[in-house]
Each structure stands twice: as C-alpha cells, then as structure tokens.
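Input: a single structure, listed below in structure tokens.
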Amino acid sequence: MPERHFRAIPAQPDFPAQERRILDLWRERGTFARLRAKNASGPKWSFLDGPITANHPMGVAHAWGRTYKDLFQRFHAMLGEDQRWQNGFDCQGLWVEVNVERELGFTSKRDIEAYGIAEFVSLCKQRALTYAAVQTEQSIRLGMWMEWNDPDELRRLRDLLATDPTQMVTVAGPDGPVKDTVEMIVGRLGMPEVGGSYFTFSNENNDLIWGFLAECHRRGWLYKGHDSMPWCARCGTGISQMEMNEGYADREDPGLTVRLPLVDRPGEWLLVWTTTPWTIPANVAAAVGPDLRYVRVRQGRDVYWLGKGTLRTALQGPFEVLEERPGTDLVGWRYSGPYDELPQVRSSFAEIGYSHRVIEWDEVTEDEGTGIVHIAPGAGAEDYHLGRTLGLPVIAPLSQDGHYLAGYEWLTGLDAQAVSPRIVEDLQRRGSFYHLEPHTHRYPHCWRCGTALLFRVVDEWYISMGEVYDKPRSEVTAEEKARSLRYQIMDVVDRIRWIPGFGYERELDWLRTMADWMISKKRYWGLALPIWECEACGSFEVIGGREELKQHAVEGWEEFEGHTPHRPYVDAVKIACKACGAVVSRIKDVGNPWLDAGIVPFSTLHYRTDPDHWARWFPADFITESFPGQFRNWFYSLLAMSTVLRNEPPFKTILGYATLFAEDGRPMHKSWGNSIEFNEAAERMGVDVMRWMYARRRPEDNILFGYGAADESRRELLVLWHSFRFFFDYACLAGWTASSGTAARSGGRPAAVLDRWLLSRTAALAETVHRELSDFDPRGASLVIKAFVDDLSQWYLRRSRRRFSRNDDPADRDAAFATLHRALATVASVCAPILPFLTEELYQVLVAQGDPTAPDSVHLTRWPDRDAAEERDGALEAGMATLRRAVELARTLRGQAGLRLRQPVARLWLALPSGRLDAALTEADESALLTLLADEVNVKRVELIGDRSELVERRVKPLLPIIGRRVGSQVPQVMAAARANDVEYLADGRVRLAGIELEAHEVEVLASPRPGTAVADDDGVVVIMDTTLTPELRAEGDARELSRAIQDLRKQAELSLDDRIELWLDAEAAFLDSLDGHLRTLADDTLATVIHREPPPSGTPHVEVDLAGGRVRAALRPARGPRTASMP
RNA sequence: GGGCGUUUAGCUCAGCUGGUUAGAGCACUGCCCUGAUAAGGCAGAGGUCUCUGGUUCGAGUCCAGAAACGCCCA
C-alpha cells in the first residue's frame, strides 16, 4: 500500500475523494482482473444484466438497480464463484432516433429520408456509443465491477464511424487483436473475440432475433394485422400496447356536440358528442345503449334525440320532453352523415351498399356526451373492433404523418390535430353544429415525444399470443396449451422465484390479458424485421439468419455485404417469392426494441456458436430490474423468447424494485428543480453513502432520494468510520500491529468476556449476512450490519476504552486490540459487496498494509464465516443482552434520582427470573458480566438476586401463545389474576391462577418491583438501586467530575492524546484532603506527572469547577518526563 | 370495469407464523455521557395502527367489504 493513501484518519472523512483514490488503486493493481482469474475455476453463478438504454447519462434511479447488480456480483465473487461480469447497453429503437432527430432539428420522417437513412442510422449508432461511454464512466464511479470497454475506445470507434465506416481498424480483444472495418467492429462489440459490454445493436443479437422470428413463423404465430392503433403522427409510427401506458396525460380537447338529421323522421336530429372532431368525416354509425332510455325533446323548431340521463348536461337552453323510448327502438334508424359527399366516404359506403344508421352497443354510457356515440371504425380502436363485428365500412382518413389523405377534398393535406376549428366552422355553415365547450380528460400521448396520439388503421406485424381460454389454467389441456403461447409462458413463469412475491401475480395477470405482440415499427433505426412480403401474390417469408438470407438472395447481396444488418443496406437484398417467383423486397419496418433485449440470454451466451458455453450459463441465476415497467417489457420479452426457443425459464430468480422519486415525493424533473444528477450526487455524498441508502431500503417501496436522506445514511457509515478511527489512533499510540499482538498469533480464545462476546457477534454477523445476501435480501443484510456496528461502537468500545489506553496488563491490551482488529476486518469483508470503497479503505489499513501474505484487496478475500460456528457463544450473547437491558434500567433510575453517572453509588441489585443472567453461562463469565455492569453504571457493588428476594415481588407471566388454545375463553380471568398477583404456587413450578392450573412451561415467573423503592423493570428484569450517598462516595464523584473538567481543559489546550501535563489544584485544603484517595487515578486519567496543591501560575489554562465539597480551580501546562505521577 | 400494491407518530419507515403496554430514526424539549464519535444514552411530548363488519378468549397482524393514493390491464 503506497503511503500516500493513508496518512492520518480524518474525523470527517472526504468520502468522494477516498473513493477516487480507491478507483486509482484498483486500476493500478488490476484488482478486478485478478479477482476474475482467482475465481475462474470456481462454481458458476450466472447474472444477466438487463441492458441500460445508451441514450442519456445514467441517473440516480439507475444507480439504485446497479447497486443491487454490483453487490450481488461482488458477494458471489467473495464466495469464490465464477461469473461473466458482462454489462449490457440497449441501443436500438425510437428513443435514440428521437434524440438524433432533435439534434438535427428534424420534425418529421421526411427530413430523415432527405438526410439519408444510412447517415441517420450511423448517427444513431454514434449516439449509442457516446452514451455507452458516458454510462461506463459513471458506472465505474459507482463502483460497479464489470468487464468494461475503455470509454475512450468507444469514443474512438464512434469518431471513426463518423468519418468512414468502411476503414479498417484493429481493436484489442481478450485473445488478441481483432481487425475489421469500423462498422463491423462496432457490430461485433461484446462478442467473445472483442469482449466488453454487449450492445443490442450487435450483429449476433439481430441475427438471433431473426431466428426467433422465423421460429414463430414456422409455428404459424407471425402474422400481418390490420388494426386501428394509437399512432404518433410526429414519430410516424404506431404505438404498441406495451408503450401505450407510458404516456397518459391530461389534455384539453374540444367537446363538440354535432346534430345528425334522421332520414325518415324529418325535422328530427340525433345528438352525438366527440372530443376528436377530425374523426367526424370518418363517421359511419351512431351507437345507442340497448338498456338506456332515450328521449325526444323539442327546442324551438328543432327536435332532438338523446339519452335521457344526459338531458341536463348535453342540452343547451330550455327544452320540452316529448317522448321517451328504450335504446333498442332507435336501432336501425338511418341518418345523413355530415360529410357524405366526400369521395372517400361515398365510395366506402357504395362498395358495400351501406348508409349511416343507428346501431346498438353495450358500452354506451351516459357518463359524458349525449348517450349516442359517434362511431368511426377508421379512426378509433374500439370503433374499429365494433365495426369489424358488425361489418361496418372503414373510413381511414389519415396518412402516416397525421394528415388527411386524398379523397377528402378540402380536408386533404390538413393536419388532423389542428383541424378542429375548421371542422367546427364548416359544421356551423352546414347547420350540423350544436354546441362546443372545452373538455379535459386523460388522453394517450406518445411516450417518447409527448405528442397526442391519433388512431389509424394500419398494417403491422404481430406475434400471436394465442387464445385466452375461458377457464382456470389448471383445466387448460396440453393440446390447447400447444396452440397458445401465453399459456406456455405462464408455465415458465411458474418456475421462477419472484421477489417480492406479488411480481408473480402481476406477470401472470399481464400474460392473461395481453393482446398479440406488435413487433413492427415504421421507422429506421432498429432490428430489420426479416420479413420479405410479395407484393404480387401477398405471401411472405421470414428469414432466420444472415446465412439463410445469403442463400435466398437473388439480388442486392453485394450491396449488403460488409454491413451490419441495418437499414438501408439490408433493404437492398431481394429474394424470390416461393409462391409466385416474383422478386420480393423486405418490408420496411424495423422491430420492437424489446425484441433486442429479450434475446440477450441467447446472444450474449454464445447460443449459436458455442452451445456448451451457453448451457453452462443458461438460465441466469439472477436478474434484477425495476418492477413497474418491466412486466410488459423486458421480463415479458425474455420469457416469450426463451419459451419459444427452449421452453425454459431464462432466469431463476428476479428481484424487482420500485420507483425513485425526489425527496419531495414527486418524480424528478429538471424543470421542477428537484432533480439530482448522478455525477453531482456521487461527488457530493459519495457513492458508498448512496449505495448504503439503496441497500437499506425495502426494494418494493418507492424511494425518496435526496441529500437529507443521504445525510442519515452518511451518519450511519460514520459510526463505522469512527470505530475504525478509534482503533487506528490507539493502535498507533500503543505501537500495536496485527503481527505484534500475541493473542492474534496464538489463535487461542481470549479471556475477556467482552472480547469473546464481540467475536461471537462477529461470527454471527458473517453468518447472517451470508444468509441474507444468498437469499437476495440486501435490506436484511444491512439491518444486521447496522445493529452490529452499533453494538461494536456503543457497547464494545465504550466498555473497552480503558483497555486500549491505560492498561497495565499488556496481554489484556493485546487481546483487546486483536479482537477489535478482527471484528473490524470482518466487518470490512462483510460490508464489501455493499460498500466497496469504504471497506477497501479500512481493509488496506487494517490488513493489507501490515500483512504481505494477505490478499491486497478486501474484494479478493473470502467470505469470513468459515469458522463461525465455533466462535459463537449463545449463552454469552444472551447474557449480555439481558445485561444491557439492566444498564438501561439503571440509567433510568439515575435519571429519576437526579444522580449523574459520574457520581458513584453503593449498591445495585439485579433481579432476574431464574436468578441468572443466562442459565448456560459459566459462573466466571456471569461475574465478569456483572463487573461490566458495575463499571458502566458506576456502582460499587452489583448483587444478582432471584425472584424470591425480599426486595421484589414474584409475579407470574402466563405465556399466551402456549396457554391460549387450552385455556380459551378463560384467558381473561387468568390474566386478571396474574395482574392482581393472585397466584398460588404449586409443586414442580406449576401455578394456579383463577382456579386454573398451569404447567411450569406455560408460565414465566418474574420479579417485579415492590412499591416504594428506587426500582425499574422491563419484562422480568428488575433493577434496584441504593441511592444514599456517603461522604466517601461524594468525594469520589467530585474527583471524577474534576477529572472530566481537566480532560476538557486538555482538549481546549489542544494537547494530543499522549501529552503529559503539570496540574494545579487550588481549593480549600480540607476539601483537597478529602479527595486524596482519588488523586492518583485522576493523575493517571489526565496524564498528570505532578499535581501542585497551590494557585496556578498566571497565564496557565484553567477552569473553575463547582463540586459537592467545594469549588476547585484547576490549571495545567504541558510537562516533560515520565508518565508517572509524583504525589505531593 | 378487472388485476397488483400501499395506507402505523409532524416526516421516513420497523412490526416474524394473531398474544393483552404498537416500536425506531429524523425533527422538538429537558437531563446525562464523552480524549474515537457532527456520535451515543435516559426521560418527555407526539398514535381512534385509513374506515366498517367478521373470525377469535384475544386483531396493527387473519377474512370480507369500503375509501384514498400509486402502478398495470380493459
């Protein structure tokens, strides 16, 4: 360990600075590489990293999940297990395109086509590389150990890609240099020969998805659908069901009421209501609820039909009800549409001989509108499905970018989102307008760009999820299952452990209700869907891989060769139609990005190239991701693809965590000023503080992230830090080192109960944390760690202080150092997965610097619980726990009596049920523990008494969980008798309460206070204190008070821990005489070489203390000479 | 409309398979302790454990219903 890392141990550590030094240390020493080498032959533990989208710097929310990922990998590394350590970046898809477009200032797909698809796709790749580099740096800062690419290398590839993708480049791979064109090297990132993180844009990833899709097609599950779907006109793409929910937002739309003239009832109109005026030209029907009541009302010269329940809200002005009818009466009535003359409307209706009419629909309500619903199957999802059922014509008026198509006359070319005022105006002119008022409602928006969605009828590609059978899962037959992918996936879900458990229910619920998986997107950057569709005959073929494509290619292969399987190059390849022989092009669509992430258990595990390797690492033992979003995203795509390809779970255990919010409970938003960037947080609080905060939370609860919470987290870490600092300071003073201590070398059990207790607790810590982390419970682990550190600091150190500083017994001092050293070193190892930096800091000082044979990093140590069992001492731990309860009671008594702790008292009695601290405790240990108690609460003598003592009453505590069932309804009487202490003690420990006999094992006999004494009790532990003070006790109290004041004076004078002093005490002679017996101890405590009983020389630091026996002026100045007090 | 979750002190949260007196941290008040500790301790104040009903000798805990909030599906 270079000296520069640790000079002094600061009281207020600079965690971020320490962390940066540790990062340097790991880098210089190649610590991570050596860890991998050390574990290379160990058993396998397979972690699969869910890819982080390489599109922005990572945020503190990512750091939450990545803390889990890192801590479990580190933990399993400490168990000696071999791992893959591969991080993943999600690279393809609309989210990257949107940002590239924004940077280029593009507003539509036309801009992209004009710019050039090849250049655009290249920019998307470059963006992914840019942010992969940034996120790599950030993740390293977080302490994540992964097989990272050098961020500068990623940036170099990006820059080369920008200048000329075809130039040759050489990169360093694990088995030597790899040479290829830049484009192909980028396409091979993460592959075995290149190494580093996996990128979902890789050739292998894309190729294996082709294989998956071809398999789906082979089973008949891949189809072209025509659906009305949410559509983002800005992005020019359909939005899948999976993405739809990402973007609901309140929106104000026109609430437009239109009147439609009934053909066979002159002068009468239907009133319909819509919030999307642009859909009115696509109207084909008006729906009424068959069970609703409808009324005919008169307003002036006009007569309207509308739902009875909407009279008050829908109608404007006075009205007169003429007639009421059930909805079914209206069905079949014909009306004139407002835009019947538009060519598209005319031809659509004429084709099937249709005219506008009233239909019935169960979903119609009177909650809003008029109770008569405008139906436009070409412009709404529900309308489309209803229209299909009823065979209504479909009028699909919009283009990809949301403008009216040809055939709509004056509307053609207008933007549907902006057309409302013109439609309203037009309706007014035609006399079809009734009323308009703004209407605010939840409306779907594009989850990436925020644009309000439209509905269009379009061609998209789907994977069929299969039928939903109307019966319990257990009754679905094997044959039905074979037809329905969703049930096959459910069976796979059954075989996975979901943490928390409700994740299982939610995934099943998603599978039960989900519609077919839309896998196509009419975009540019992404998986090129391997579907070649023949325009001549309508048949299509799905190509299962690059090689297969090469075999089928009839033209364009040369253009594609040497390129990654992306647009536009792959589009050049044509094949011959199997059915009709025509030359066929690929459909232009790209794939849903969750396909990219779902194939990862195959593409990154060399599924195709090295089946043995794949079989060793599949399925993953563990994945962890945020629950809310991923049921329908990554979990789903992993499950679907693994089910199709192998019918096996892709992972065994999943740990889900919730959502991160700002400290004010709201989502983090830059514009709200409550957002915290990862880099800022890392440098302000330090990443260990952040990691500790994450590890301590229940994963399924949302986290409120901020500097306030970080402060609490930091304070907890400081307790460990200060314990470490205590050790370091006194070990330096004493010249103690791990190798100098005899106790450490001998390996024998230390004599002191405190030491044995701490070692027992230490062993328990290592065992328990092992168990909690093996069970994927970081919170459980951190609670145990916190409890241990508190015990160490607030009990072991507090009680052991003198053993480290002014100990006349060198063996005892050594034992104390050795014990504390051992405990701290173990804490360092046990906390290492969660707090990789702080623990490394500790370990370097505690172990690595002094022991050249030890591993040079805490992360290279083995989990420290091998000898745990023999170090445990349950009786001692239990006895100590009881003792510490007695301490609390004694403190309470002192507080009540107004006796400061420095004032000794004569006696304390401790009454316990059996008269013992613990039945299994040896006499020697028990008496040593009682000495601890006496010291801690400053009493001269402690006596252990049983419940029969005169000082206490015996009481009986019935053990309810045991007697409850037997005694039943008589429990209240029994308890009342126990409370009143109305007990009959029988033979063999039996008792009778309220006439009911209870066995010895059914009760606990406790001592309880007798009224009128200074007594405190807590569930059977009773402490009684003699609070009378003798002159001797007062004098001793005064001496300790004085000692304390002098210590303060030393601190004020900024003396160091081992500076000697000359001491002056100026007071009444008689008073000083009364302190005589305590002055040697005082001199020892304050390192006084001499005590002058006279007024101090002027100018020396002094203090006046009011004591029980009088006033003392104490003064000191630094002295030279041996540390022995010479008494005057 | 359906599914999942949450609801305990001013705030953040513990409360294991039901056991009679519901806890911790932060913040507040008083006292104490302290030559590792910006730490810690004792005490005080702060609760109709969201509500209603049920099971039970006994419910924060189990069951049913409701409400509010969040997420998901339709």
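The basis for the numbers below is simple: all heavy atoms, side chains too, and nothing from hydrogens, waters or symmetry mates. Every chain is numbered from 1, with letters handed out A, B, ... down the list of sequences.
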Sugar-phosphate only, base, or nothing, as touched by Asp701(A) at under 4.0 Å among non-hydrogen atoms: sugar-phosphate
Aromatic contact, Tyr636(A) with Trp517(A) (centres under 6.0 Å): yes
Separation of the C1' atoms in U12(B) and G65(B), to the nearest angstrom: 31 Å
Value in whole Å for how far the P atom of C31(B) lies from CD of Gln903(A): 19 Å
Nearest-nucleotide pick for Tyr730(A), side chain only, options being G5(B), C33(B), A36(B): A36(B)
For atom CD of Gln970(A) and atom P of U56(B), their distance in whole Å: 17 Å
Separation of atom CG in Leu783(A) from atom P in C13(B), rounded to whole Å: 14 Å
Nearest-angstrom distance, P atom, U50(B) to G15(B): 15 Å
Rounded distance (Å) that lies between atom C1' of C72(B) and atom CG of Asn702(A): 14 Å
Selection from U34(B), G19(B), C4(B) that lies nearest to any side-chain heavy atom of Arg1040(A): U34(B)
Paired nucleotide for G44(B) [Watson-Crick or G-U wobble; both distances under 3.5 Å]: C28(B)
Span that lies between the C1' atom of G18(B) and that of C63(B), in whole angstrom: 13 Å
Distance in angstrom units between Trp721(A) CH2 and A38(B) C1', rounded: 15 Å
Leu704(A), nearest nucleotide to its side chain (from G35(B), U12(B), C32(B)): U12(B)
Phosphate OP1/OP2 of A43(B) contacted by Arg891(A) side-chain N/O (<4.0 Å): no
Interatomic distance, Arg697(A) CZ vs G25(B) C1' [rounded to whole Å]: 11 Å
Phe727(A) CZ to U37(B) C1', straight-line distance once rounded to whole Å: 17 Å
Touch class at under 4.0 angstrom, heavy-atom based, for Glu888(A) against every strand present: sugar-phosphate
SB check Arg771(A) Asp775(A) (cutoff 4.0 Å): no
Member of Arg1040(A), Arg902(A), Arg802(A) meeting the salt bridge (charged side-chain N to carboxylate O under 4.0 Å, His left out) criterion with Asp1085(A): Arg802(A)
Any Thr892(A) side-chain N or O less than 4.0 Å from OP1/OP2 of A43(B): yes
Which residue lies more 5' along RNA chain B, comparing Arg779(A) with His722(A) via nearest heavy atoms: Arg779(A)
Ring centroid separation Phe804(A) to Phe817(A) under 6.0 Å: yes
Nearest-angstrom distance from the residue atom CG of Leu824(A) to C1' of A36(B): 11 Å
Partner nucleotide of G1(B) by Watson-Crick or wobble geometry (both distances under 3.5 Å): C73(B)
Selected nucleotide, minimal atom distance to Gln794(A) side chain, candidates G40(B), U12(B), A36(B): G40(B)
Pairing partner of G60(B) (Watson-Crick or G-U wobble, both distances under 3.5 Å): none
Residue whose closest nucleotide on RNA chain B lies nearer the 5' end, Ile962(A) versus Phe661(A): Ile962(A)
Side-chain N or O of Arg801(A) closer than 4.0 Å to phosphate OP1/OP2 of A36(B): yes
Pair of N/O donor and acceptor under 3.5 Å linking U12(B) base with Arg698(A) side chain: no
Sugar-phosphate only, base, or nothing, as touched by Leu508(A) at under 4.0 Å among non-hydrogen atoms: nothing
Residue pair Asp494(A) / Tyr504(A), side-chain donor-acceptor N/O under 3.5 Å: yes
Candidate nucleotides C26(B), C13(B), G35(B), ranked by approach to the side chain of Glu712(A) - the nearest: C26(B)
Sugar-phosphate, base or nothing in reach of Pro972(A), heavy atoms under 4.0 Å: sugar-phosphate
Any Arg798(A) side-chain nitrogen or oxygen under 4.0 Å from OP1 or OP2 of U34(B): no
Any strand: nucleotide that pairs with U37(B) via Watson-Crick or wobble, under 3.5 Å: none
Worked check of side chain to side chain contact (heavy atoms under 4.5 Å, CB included) between Arg1050(A) and Asp1059(A): CA-CA 9 Å; Arg1050(A) 284 179 58 99; Asp1059(A) 284 335; 4.3 Å; yes
Test item: Glu888(A) side-chain N/O and Arg885(A) main-chain N/O as donor-acceptor pair under 3.5 Å: no
Between Asp1084(A) and Thr1081(A), a side-chain donor and acceptor under 3.5 Å: no
Separation between the P atoms of U6(B) and C13(B), rounded to whole Å: 13 Å
No-H, no-angle donor-acceptor pair, Ser793(A) side chain to A39(B) base, under 3.5 Å: no
Between C11(B) and A27(B) - C1' atom distance, rounded Å: 8 Å
Candidates U34(B), G15(B), G40(B) - which lies nearest the side chain of Arg1044(A): U34(B)
Counterpart base for G65(B), defined by Watson-Crick or G-U wobble contacts under 3.5 Å: C51(B)
Euclidean distance for C1', A45(B) against A9(B) (whole angstrom): 11 Å
Candidate nucleotides C33(B), A36(B), G2(B), ranked by approach to the side chain of Asp509(A) - the nearest: G2(B)
Listed nucleotide nearest any side-chain atom of Lys1051(A), set G35(B), C57(B), A36(B): G35(B)
Atom P, compared across A59(B) and C49(B): separation rounded to whole Å: 13 Å
Nearest-Å distance once atom P is located in both U21(B) and A64(B): 27 Å
Closest nucleotide among G70(B), G35(B), C32(B) to the Arg506(A) side chain: G70(B)
Donor + acceptor pair across side chains of Glu716(A), Trp692(A) (<3.5 Å): yes
